[in-house]
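Heads up: the structure comes next, in structure tokens.
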Amino acid sequence: DTAVSQTPKYLVTQMGNDKSIKCEQNLGHDTMYWYKQDSKKFLKIMFSYNNKELIINETVPNRFSPKSPDKAHLNLHINSLELGDSAVYFCASSQVPPLAPRDTGELFFGEGSRLTVL
Amino acid sequence: RKEVEQDPGPFNVPEGATVAFNCTYSNSASQSFFWYRQDCRKEPKLLMSVYSSGNEDGRFTAQLNRASQYISLLIRDSKLSDSATYLCVVNMELTNDYKLSFGAGTTVTVRA
């Protein structure tokens with residue numbers, strides 16, 4: 001069983017469309033994240049949820065809306081897609097939130113969802 | 001200045017060689033440090049934490065230099081399977097929170 005699974009793995013769509021990426025973790029973790037990795041390979045945090053509550057919301061356009069129906073799921077909906085949204089989106093989970101000192105710092109990532117906006 | 005900076009490489013080394021690279025961080029209040037490994041088109045995975053006294057895990061040695069605000073990773077006796085991008089990760093203390101910041105990665109290619 002995959003610990004953190006996200007779907008779809010690949011998504012090709014036109015500018016202006018709305019799309020969603022789903023994520024589920026079966027590790028029993030309380031905290032889940034969305035990260036964006038652009039073409040320059042920087043991994044940037046977008047959102048973090050702890051037990052269904054939003055705890056980190058970086059400067060992300062409000063076209064991006066996360067939803068956490070329960071602590072095992074964190075979905076990402078993107079409205080009005082733009083070319084600059086093309087990237088790999090990684091879902092992740094960790095045991096404690098947000099990562100405090102002496103934490104193992106271990107994030108468990110999903111395999112990524114590669115979004116291409118044409 | 002970026003929060004976490006790494007030499008992107010690539011470092012091309014023959015099997016059996018030793019390769020080492022650094023990562024600098026800007027926030028002196030940073031508390032915890034980690035190295036993650038990311039294979040091509042895969043997700044990042046934790047390689048090792050970095051402790052103040054330095055630590056080893058098999059062929060991998062991590063060091064922390066708080067005074068100069070950098071961490072390092074050394075790989076001894078490189079294997080082909082060590083080819084990957086190594087991400088430096090720093091847990092930064094914010095006002096009432098902590099945040100993990102990732103470097104852009106150092107690419108290592110081990111050749112036969």
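Throughout, protein chains are lettered first and strands after them, A, B, ... in sequence-line order, and every chain is numbered starting at 1. Heavy-atom basis, side chains included; hydrogens, waters and symmetry copies ignored.
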- Query: Just wondering, are more than 12 heavy atoms of other shown residues or ligands nearer than 6.0 Å to CD in E15(B)?
  - Reply: yes
- Query: Considering only heavy atoms, which portion of K2(B) lies under 4.5 Å from any heavy atom of chain A: side chain, backbone, both, or neither?
  - Reply: side chain
- Query: With hydrophobic residues grouped by side-chain heavy-atom distances under 4.5 Å, do L100(B) and Y51(B) end up in a single group?
  - Reply: no
- Item | V89(B) with L46(B), same ILVMFWY side-chain cluster at under 4.5 Å | yes
- Can you name the residues of residues 110-118 of chain A that have some heavy atom under 4.5 Å away from a heavy atom in chain B? G110(A), E111(A), R114(A)
- Task: Drop me the distance from R41(B)'s CZ to K9(A)'s NZ, to the nearest 0.5 angstrom.
- Result: 13.0 Å
- Item | Residue of the set Q38(B), E43(B), K42(B) for which side chain to side chain contact (heavy atoms under 4.5 Å, CB included) holds with F109(A) | E43(B)
- Is there a path of hydrophobic side-chain contacts, each under 4.5 Å between heavy atoms of I, L, V, M, F, W or Y residues, that connects F47(A) with F108(A)? no
- Message: Quick check on the hydrophobic clustering: are I45(A) and V4(A) connected, directly or via other members, by side-chain heavy-atom contacts under 4.5 Å?
- Response: no
- Might you confirm whether atom NZ of K22(A) has over 12 heavy atoms from other residues, nucleotides or ligands at distances under 6.0 Å? no
- Please examine the side chains of F34(B) and L107(A), heavy atoms only from C-beta on, and report whether any two atoms are closer than 4.5 Å. no
- Taking all non-hydrogen atoms of both residues into account, name the closest pair between V4(B) and F42(A) and its distance. O-CE2, 4.5 Å
- Close side-chain approach of Y35(A) to P44(B), heavy-atom, < 4.5 Å: no
- Is there a path of hydrophobic side-chain contacts, each under 4.5 Å between heavy atoms of I, L, V, M, F, W or Y residues, that connects M46(A) with L74(A)? yes
